[in-house]
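Written below as structure tokens is the structure these notes are about.
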Protein chains: 2
Amino acid sequence: MKVSTKARYGFKFMIHLALNYNIKLVQIREVSVSEKISSKYLEQIAMSFKIAGLVKVTRGAKGGYTLSRTPKEITLLEIITAAEGNLVLTDCIESSDFCQKKDDCIMNKLWVDLNNHITDYLGSKTLQDIIS
Amino acid sequence: MKVSTKARYGFKFMIHLALNYNIKLVQIREVSVSEKISSKYLEQIAMSFKIAGLVKVTRGAKGGYTLSRTPKEITLLEIITAAEGNLVLTDCIESSDFCQKKDDCIMNKLWVDLNNHITDYLGSKTLQDIIS
DNA sequence: ATTATACTCTACTTAAACAATAGGAATTGT
DNA sequence: ACAATTCCTATTGTTTAAGTAGAGTATAAT
Ligand code: FES
Ligand code: FES
């Protein structure tokens, strides 16, 4: 149970975007230097956010990224999901016949409950909460 | 963010012990067959629980494992901790100077809060809750 | 138009962690 | 003595995370 660097770096990236929201476009290089993250790696992470629709992109010179919604409208769950994929503590949360006895596996409820707890928590916090 | 098989298998093992608490000793082989888990792997997991003081062991023929406390006195957090080590979503939760700017890293609080959320939840549930 | 800037796409490599296997030693009941 | 069962620890195999690399595309400024 760890948070990946992709998600952690991703958060830093999104925080930069949030802090510059409605002020200016943010470039990969800028975040890469200030946070000491490989710019090539950060590019890939930024791409995930683009695909998830969390950021708007302007290509070419003077281009960069900005949030596609206000910081208040972007939850931490959306960010971590964009970076790591759906939050699924155990496969039996999504797919059946995982531990060969899903139907009567008394542990299934535990994992589902815990998973919901975490997603509820992350879904209730927004980027705005973090930067303020 | 995944739960390891060690923890999942470990839970199954502990549930067997809980269901047989004050009834009989439980052997690795028994759980291994019924849950279709490699017995050699399960041995290692059982060893972690022994080290953590969650189970009592009787060696030799007719030996086996039993809980060292009642199912109600063993939290899920203790189990997952014994299996996976301390629950630490990001290293900056335990050690400082992790992301080079811990002191003013606004993300630190987020991880600590989320970590506490999860440990509180798991610490509030017991083996008894699962088997009943 | 040309150039510099910055994002896009895809493939590859490396390193670490997870998962599982293996085999013999020690202990105990019969 | 012998069988059952845990104990110990080394090794191997597999998967995923993390990072590197480089050519390609779009745009602004000049
Ligand atoms: S179905 Fe998830 S642990 Fe059994
Ligand atoms: S100190 Fe944990 S993310 Fe910065």
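In what follows, chains are A, B, ... by sequence order, proteins preceding strands, each numbered from 1.
- Residues Met14(B) and Val33(B) fall into different hydrophobic clusters, defined by Ile, Leu, Val, Met, Phe, Trp and Tyr side chains chained together at heavy-atom separations under 4.5 Å.
- Summarising the geometry, atom CD1 belonging to Ile79(B) is positioned 6.5 Å from atom CD1 belonging to Ile130(B); distances are rounded to the nearest 0.5 Å.
- In terms of heavy-atom proximity, Met1(A) sits nearest to Glu84(B) at N-OE1, 3.8 Å.
- A 4.5 Å side-chain heavy-atom check between Tyr121(B) and His117(B) finds every atom pair outside the cut-off.
- In terms of position along DNA chain C, the nucleotide closest to Arg59(A) lies nearer the 5' end than the nucleotide closest to the other residue of the pair Met1(A) and Arg59(A).
- In terms of position on DNA chain D, the residue among Lys6(A) and Glu43(B) whose nearest nucleotide sits closer to the 5' end is Glu43(B).
- Listed by residue number, the members of residues 48-55 of chain B with any heavy atom below 4.0 angstrom from DNA chain D are Lys50(B).
- Minimum interatomic distance between Ile131(A) and Ala18(A) (heavy atoms only, all atoms of both residues): CD1-CB, 4.0 Å.
- Interface limits on DNA chain C: the 5'-most and 3'-most nucleotides within less than 4.0 Å of chain B heavy atoms are dA19(C) to dG29(C).
- Taking the 5' to 3' direction, DNA chain D first and last meets chain A under 4.0 angstrom from a heavy atom at dA18(D) to dA28(D).
- A ring-centre distance under 6.0 Å is found for Tyr65(A) and Phe13(A).
- Contacts of Lys62(A) with the nucleic acid, taken as non-hydrogen atoms under 4.0 Å apart, involve only primed sugar atoms and P, OP1 or OP2.
- For NZ of Lys62(A), the number of neighbouring non-hydrogen atoms (other residues, nucleotides, ligands) closer than 6.0 Å is 12 at most.
- Met47(A) and Phe11(A) fall into different hydrophobic clusters, where Ile, Leu, Val, Met, Phe, Trp and Tyr are joined by side-chain heavy atoms under 4.5 Å apart, directly or via other members.
- Nearest-nucleotide mapping onto DNA chain C: of Lys40(A) and Ser38(B), the residue sitting toward the 5' end is Lys40(A).
- We find the SG-CG distance between Cys92(A) and Asn115(A) to be 9.5 Å, quoted to the nearest 0.5 Å.
- Atom CG of residue Leu87(B) and atom OG1 of residue Thr119(B) lie 6.5 Å apart, to the nearest 0.5 angstrom.
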